[in-house]
Trainee: 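Have a look at this one before I ask anything.
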Amino acid sequence: MRLFLHEVRTAQLLFWRNREAAFFTFFLPIIFFLIFGSIYGNETISKEHIRAAPFLEAGMIGYGVASTAFAGLAITMVIRRESGVLKRIRATPLPPATYLLAVLLSTFVVFLIEAALMIAIGRLFFDVAVPERFLSLFVLLMFGAACFAAMGLGLTGYVRSAEGSSAVVNFIYLPMAIISGTFFTPKTYPPFLEAIANVLPLTYFTRLTREVMVRDRHLWTDWHAISIVLLWGAIGLVAALRGFRWQPRES
C-alpha cells in the first residue's frame, strides 16, 4: 500500500508540474464554463425547460471527464511509451498493475478536483445550487472516469508516435465533446448530428450528470445511459488489454 500511495503522489506531482497538460486537461473546461456561463448562463433553454447555467455546469463536467480521463491520459501514456519511460518502469521491480492503478487513481483525483471547482464556480458566479445527491454524483464521477480512462488506454494502442498523439486524440475527443451536447442541448441538432450524438458515450454520461446534478435524481434512474457508457468502457478495456504496449512502437 505504501508503494501504491507513493506512485499516486508521484503521478500527481508529474501532472501538476506539466503546465501545458494541466492547462489543456484541467483548466480548459473551467475556462469554457466561465466564458459560456457569462454569455448565456441566465437564459432559459426552452427545449430542456431549465436555466442555462446549471445545464452548462453539468455539461462542462462531462467535457472534463473527456478532457482529463480520456484525452489527457491517452496523450500522456503515448508520450511516456515512445520516450521509453514505460519501458524503464516495466524493467523495475515495481508491479505494472501498481503503476497503472496509481496513474488511474491520480487521474480520478484530478477530475474530482476539477468537478468540485466547477461546482464552486457555478455557486459563486452563476447562482447554481449545490447538488444534493452527493453519493450518486461521486459514484457517477468515478464510474465515468473509469470508463473514459479505459477508452483512453485502449486508444493508445492505435497511436504510433508521440508527435501524432495530440493530433489523433484531439481529432476524436474535440468533435465528441461538441456533438455530445456538453455546450448545447442535442435536441436542437439537425437529424444527422443527432444520430451521431446518439452513439457517443459522452452524450450518455452528460445526460447522467444532468439527471443527478440538475434534475436531482439518483444515478440509477437511467439504466439505458449507464449501459451505453459501460459498453463503451468495456470496449476500451478490451482494446487496452489487446493493444496497450510498454515498448515504444517507433524506435
Side-chain angles (χ1 to χ4, degrees), residues 1-29 64-114 141-174 176-177 201-202 229-230 232-251:
M1 180 57 71
R2 180 181 297 179
L3 180 61
F4 175 71
L5 294 177
H6 173 75
E7 287 301 313
V8 173
R9 180 177 179 272
T10 301
Q12 282 287 295
L13 290 174
L14 290 173
F15 177 83
W16 295 111
R17 287 176 179 175
N18 189 341
R19 297 178 181 177
E20 293 82 3
F23 176 81
F24 284 104
T25 61
F26 181 85
F27 288 109
L28 197 58
V65 76
S67 173
T68 304
F70 176 71
L73 179 64
I75 293 172
T76 298
M77 297 306 284
V78 170
I79 291 175
R80 290 180 183 178
R81 183 192 71 202
E82 294 305 311
S83 62
V85 172
L86 294 185
K87 179 181 178 180
R88 291 193 294 271
I89 290 174
R90 190 68 178 88
T92 68
L94 177 67
T98 299
Y99 173 77
L100 287 177
L101 288 174
V103 171
L104 292 175
L105 180 58
S106 175
T107 301
F108 174 66
V109 170
V110 171
F111 175 52
L112 192 63
I113 295 171
E114 182 181 53
L141 297 180
M142 185 168 59
F143 168 70
C147 290
F148 279 87
M151 288 182 269
L153 289 178
L155 182 61
T156 61
Y158 300 94
V159 182
R160 299 192 62 86
S161 66
E163 292 80 4
S165 60
S166 180
V168 173
V169 173
N170 287 330
F171 177 78
I172 296 172
Y173 117 88
L174 287 176
M176 177 176 66
L202 189 55
V229 178
L230 187 61
W232 275 100
I235 293 172
L237 180 60
V238 171
L241 292 174
R242 291 174 60 89
F244 184 81
R245 296 167 59 101
W246 296 85
Q247 304 285 340
R249 296 193 62 169
E250 294 188 351
S251 57

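All heavy atoms count here, side chains included; hydrogens, waters and symmetry mates do not.
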Trainee: List the steps, then state whether side-chain contact (heavy atoms from CB on, under 4.5 Å) holds for V110 with Q12.
Mentor: CA-CA 8 Å; V110 171; Q12 282 287 295; 3.4 Å; yes
Trainee: Could you list the donor-acceptor pairs under 3.5 angstrom formed by side chains in residues 86-98, with sequence neighbours left out?
Mentor:
unit_1, atom_1, unit_2, atom_2, d
T92, OG1, I89, O, 2.6
T92, OG1, L94, N, 3.4

Trainee: Can you tell me how far CG of N170 sits from CE of M176, rounded to the nearest 0.5 angstrom?
Mentor: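 Rounded to the nearest 0.5 Å, the CE-CG separation comes to 11.0 Å.
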Trainee: Looking at CD1 of I79 and OG of S165, how far apart are the two atoms once the value is rounded to the nearest 0.5 Å?
Mentor: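 Nearest 0.5 Å value for the CD1-OG distance: 4.5 Å.
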Trainee: Mind listing the closest non-hydrogen atom pair of A74 and G152 along with its distance?
Mentor: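 Heavy atoms of A74 and G152 come nearest at CB-O, 3.5 Å.
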Trainee: Determine the interplanar angle of the W16 and F26 rings, folded into 0 to 90°, and report it as parallel if under 30°, tilted if 30 to 60°, perpendicular if over 60°.
Mentor: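 Plane angle over 60°, so perpendicular.
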Trainee: Are any non-hydrogen side-chain atoms of L104 and F108 less than 4.5 angstrom apart?
Mentor: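 Counting from C-beta outward, L104 and F108 never come under 4.5 Å.
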Trainee: Under 3.5 Å, is there a donor-acceptor pair between the side chain of R81 and the main chain of T156?
Mentor: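 Side chain of R81 to backbone of T156: a pair is present.
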Trainee: ring-ring contact (aromatic ring centres under 6.0 Å, His included) for F148 and W232? Distances and angles first, verdict last.
Mentor: CA-CA 8 Å; F148 279 87; W232 275 100; 9.1 Å; no
Trainee: Under 3.5 Å, side chain of T25 to main-chain N/O of T68, donor-acceptor pair present?
Mentor: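 Checked: no pair found.
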Trainee: A side-chain contact here means heavy atoms from C-beta on lying under 4.5 Å apart; do F15 and T107 qualify?
Mentor: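 They are not in contact (no side-chain heavy atoms under 4.5 Å apart), so the answer is no.
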Trainee: May I ask you to test the L202-F70 pair for a side-chain heavy-atom distance under 4.5 Å?
Mentor: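 In short, these two side chains do not touch, never coming nearer than 4.5 Å.
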Trainee: What is the minimum heavy-atom distance between A240 and A150, and which atoms define it?
Mentor: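 Reported closest heavy-atom pair: CB-O, 4.3 Å.
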Trainee: Could you tell me which non-hydrogen atom of F111 sits nearest to which non-hydrogen atom of G64, and how far apart they are?
Mentor: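 The answer is CE1-C, 3.8 Å.
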Trainee: Kindly compute the distance separating CG (L174) from OG (S67), expressed to the nearest 0.5 Å.
Mentor: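 Rounded to the nearest 0.5 Å, the CG-OG separation comes out at 8.5 Å.
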Trainee: When rounded to the nearest 0.5 angstrom, what distance separates CZ in R80 from CD1 in I75?
Mentor: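 The distance works out to 12.5 Å.
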Trainee: Taking it one step at a time, do S161 and E82 satisfy side-chain hydrogen bond (donor to acceptor under 3.5 Å, both in side chains)?
Mentor: CA-CA 7 Å; S161 66; E82 294 305 311; over 6 Å; no
Trainee: Which residues pass the side chain to side chain contact (heavy atoms under 4.5 Å, CB included) test with A102, sequence neighbours left out?
Mentor: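 Residues passing side chain to side chain contact (heavy atoms under 4.5 Å, CB included) with A102: F4, E7, V8.
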Trainee: For a 4.5 angstrom cut-off between non-hydrogen side-chain atoms, does M77 reach L100?
Mentor: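 The answer is yes, as the side chains (C-beta and beyond) meet within the 4.5 Å cut-off.
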Trainee: Could you walk me through whether L112 and L141 satisfy the side-chain contact (heavy atoms from CB on, under 4.5 Å) test, starting with their C-alpha distance in whole Å, then the side-chain angles of each, then the deciding distance to 0.1 Å, before giving a yes or no?
Mentor: CA-CA 7 Å; L112 192 63; L141 297 180; 3.8 Å; yes
Trainee: Looking only at atom types and distance, does a side-chain atom of N18 sit under 3.5 Å from a main-chain N or O of L14, one as donor and one as acceptor?
Mentor: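 Looks like no, no N/O pair under 3.5 Å.
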Trainee: Short question: side chain of S106, backbone of V103 - any donor-acceptor pair under 3.5 Å?
Mentor: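 Answer holds: no.
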Trainee: For the residue pair C147 and V229, what are the closest heavy atoms and their distance?
Mentor: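 In this case the closest contact between C147 and V229 is SG-O, 3.8 Å.
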